[in-house]
Amino acid sequence: MPDISSIPRLVILVGPTCTGKTDAAVRIAGEVGGEIISADSMQVYRYMDIGTAKPDRMQRSAVPHHGLDLVDPDEPFNASLFVGEADRIIDRLHARQVPAFVVGGTGLYIKALLGGLLDGPGADEALRAHYRKEAAVHGKAYLHEQLQEKDPQAAAAIDPRDAARVIRALEVFDLTGVSIVERQKAHRFNRQRYACFKIGLTMERDALFERIDRRTDRMMAAGFVDEVQSLLEQGYAPELKAMQSLGYRQIVGYLQGLYSLDEAVRLIKRDTRHYAKRQMTWFKADKVIQWVSGGDIDFIGREIREFLGRPELPASGH
RNA sequence: GGGCCGGUAGCUCAGUCGGUAGAGCAUCGGACUGAAAAUCCGAGUGUCGGCAGUUCAAUUCUGCCCUGGCCCA
């Protein structure tokens, strides 16, 4: 067992999209000499900057960022790869005694970073493609029937309509002969991999939805359509996971002539609100998170400095 | 001025041969272990435009009024 004091301490900053996580993190990390590890499943893709609200040049030069632009939009990326990447960065920062700020809205990535993932096989794209095809031909129910025969325990736990989870369960069983449910029971995210202090940024829902609308308008003004057009011209297909993400999917629909640009913007705003709500549900379930109003950056900074064991900075006087 | 068609959930609408109503979207709640900005589950939130009449009972039938659209003057 390692000495408890040698375990890296992480500042975790989470919350729904558009609550100001990046701004708060840049400011506070800048003040304490920390560096930022993005925990965002879409900001890992190169060339996807506007639609993912990636930190800009100024922010990235003010505070070093990690976890951005790791792969091309047609390359695989997932929670496991995130954990591997984040572990490497945390090691380096820890060796330099630099505070690490893990900042992002992808709840699973953070949960996996802190608690590990279950002991099981990685993604097998060929196998998944096979099952996806079967679902397309015979329907989702057919996949669930197969799961019922192979792994009744998992079949009972997973809704037949939730194809993504049915396929993952089939994948784990096919590759190991063991039920994913057994692996989950054995795991339960209870590996204490890091010491951490979790802060959640919140905001009145009406205010957050208003901010989402305004940010979407800013993305459009910043050339979001051009960005998507450029991705398509580079050969990145609309079917790619990255291109199915929030915003990109809707702009592709517009470029394909399925609906007007106004309609695409309306859909992006609507779907971003839905996404923010899903994030709230996810993070609400984590009872360890200390919730703070998104506007109260001073308070957040004080809490973080206390956690890091650093003295208060002198009052700045303005 | 006359005629016709509408007014039902936040929106678009369905429906009740008289027994106080339901779809989609929005909204709200939830799940989530290598796709997670993905994937999926649950919930109707309502003076049925207003007032009167007929009736045991009216959102439904009748009358008047208000209101939107179209047509004729």
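Every chain is numbered from 1 and lettered A, B, ... according to where its sequence line falls, protein lines coming before strand lines. Keep in mind that what you see is a predicted model, and the values were worked out from it rather than measured.
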Considering only heavy atoms, which members of residues 253-266 of chain A lie under 4.0 Å from some atom of RNA chain B?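 Within this stretch, nothing sits under 4.0 Å of the strand.
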In whole angstroms, how far is the [atom2] atom of [N] from the [atom1] atom of [X]?
X	N	atom1	atom2	value
D286(A)	A31(B)	CG	P	12 Å
L267(A)	C11(B)	CG	C1'	15 Å
K284(A)	A31(B)	NZ	C1'	13 Å
K277(A)	C28(B)	NZ	P	7 Å

Linking Ile, Leu, Val, Met, Phe, Trp and Tyr by side-chain heavy atoms under 4.5 Å, what else ends up with L147(A)?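 Under the 4.5 Å side-chain rule, L147(A) groups with L127(A), Y131(A), L143(A), I158(A), V166(A), I167(A), L170(A), L175(A).
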First of Y45(A) and H187(A) reached from the 5' end of RNA chain B, by closest nucleotide: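 Checking each residue's closest nucleotide, the 5'-ward one belongs to H187(A).
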If you draw the axis of the six-membered ring of F307(A), does the NZ or CZ of R9(A) fall within 45° of it and under 6.0 Å from the ring centre?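 Judged by the rule (NZ or CZ under 6.0 Å from the ring centre, within 45° of its axis), R9(A) counts as positioned above F307(A).
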Electrostatic pair D217(A):R214(A) at N-O distance under 4.0 angstrom: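 R214(A) and D217(A): not salt-bridged.
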Pairs involving residues 139-158 of chain A, ordered by first then second residue, that meet salt bridge (charged side-chain N to carboxylate O under 4.0 Å, His left out) (sequence neighbours left out):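 Passing the test, one end in residues 139-158 of chain A: K150(A)-D174(A).
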Pairs where residues 32-55 of chain A contributes a residue and the test salt bridge (charged side-chain N to carboxylate O under 4.0 Å, His left out) is met, not counting sequence neighbours: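 Listed once each, the pairs are E35(A)-R96(A), R46(A)-D72(A), R46(A)-E75(A), D49(A)-K54(A), K54(A)-D69(A).
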Could you work out the separation of [N] and [M] based on their [atom1] atoms and round it to a whole Å?
N	M	atom1	answer
C13(B)	G50(B)	C1'	23 Å
A37(B)	U33(B)	P	13 Å
C17(B)	U60(B)	P	13 Å
G10(B)	A36(B)	P	37 Å
C65(B)	C56(B)	C1'	28 Å
C48(B)	C61(B)	C1'	15 Å
G44(B)	G22(B)	P	9 Å
U16(B)	A73(B)	P	36 Å

CG (D206(A)) with more than 12 external heavy atoms under 6.0 Å: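 At most 12 heavy atoms, drawn from other residues, nucleotides or ligands, come within 6.0 Å of this atom.
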Tell me, which stems hold RNA chain B, with a stem being 3 or more Watson-Crick or G-U pairs in a row and both distances under 3.5 Å?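 Counting only runs of 3 or more consecutive pairs, the stems involving RNA chain B are B:1-7 with B:66-72, B:10-13 with B:22-25, B:27-31 with B:39-43, B:49-53 with B:61-65.
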Base, sugar-phosphate, or nothing for [X], non-hydrogen atoms under 4.0 angstrom?
X	answer
R270(A)	sugar-phosphate
K185(A)	nothing
L81(A)	nothing
K111(A)	nothing
F82(A)	nothing

Taking the minimum atom-to-atom distance to the side chain of [X], which one of [options] wins?
X	options	answer
A123(A)	G34(B), C32(B), C28(B)	G34(B)
L108(A)	G34(B), C25(B), G30(B)	G34(B)
A285(A)	A31(B), G29(B), C32(B)	A31(B)

With sequence neighbours excluded, what pairs up with T176(A) under the side chain to side chain contact (heavy atoms under 4.5 Å, CB included) test?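 For T176(A) the side chain to side chain contact (heavy atoms under 4.5 Å, CB included) partners, ignoring immediate neighbours, are P121(A), V172(A), V178(A), R183(A).
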List for me each residue that meets side chain to side chain contact (heavy atoms under 4.5 Å, CB included) alongside K284(A), sequence neighbours excluded, and say none if there are none.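 None.
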Side chain to side chain donor-acceptor pair (under 3.5 Å) against [X], all qualifying residues, sequence neighbours excluded:
X	result
D74(A)	none
Y248(A)	E227(A)
S230(A)	Q234(A)
D286(A)	K198(A)

H274(A) vs U27(B): side-chain N/O to OP1/OP2 distance below 4.0 Å: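 Result: yes.
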What form does the base of G44(B) take, syn (within 90° of 0) or anti?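 Judged by the O4'-C1' to base torsion, G44(B) sits in anti, the angle falling more than 90° away from 0.
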According to the interplanar angle, ranging from 0 to 90°, do the rings of Y109(A) and F82(A) count as parallel (below 30°), tilted (30 to 60°) or perpendicular (above 60°)?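 Judged by the thresholds at 30° and 60°, the geometry between Y109(A) and F82(A) is parallel.
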Every protein N/O lying under 3.5 Å from an N/O of nucleotides 37-41 of chain B:
unit_1 : atom_1 : unit_2  : atom_2 : d
A37(B) : OP1    : S41(A)  : OG     : 2.0
A37(B) : OP1    : T106(A) : OG1    : 2.9
A37(B) : OP2    : Y275(A) : OH     : 3.0
A37(B) : N7     : D40(A)  : OD1    : 3.4
A37(B) : N6     : D40(A)  : OD1    : 3.3
A37(B) : N6     : D40(A)  : OD2    : 3.4
A37(B) : N6     : T52(A)  : O      : 3.1
A37(B) : N1     : G51(A)  : O      : 3.2
A38(B) : OP1    : R249(A) : NH1    : 3.2
A38(B) : OP1    : R249(A) : NH2    : 3.2
A38(B) : OP2    : R278(A) : NH1    : 2.4
A38(B) : OP2    : R278(A) : NH2    : 3.0
A38(B) : N1     : R165(A) : NH2    : 3.1
U39(B) : O2'    : D162(A) : OD1    : 2.3
U39(B) : O2     : R165(A) : NH1    : 2.8
C40(B) : OP1    : K140(A) : NZ     : 2.9
C41(B) : OP1    : R161(A) : NE     : 3.3

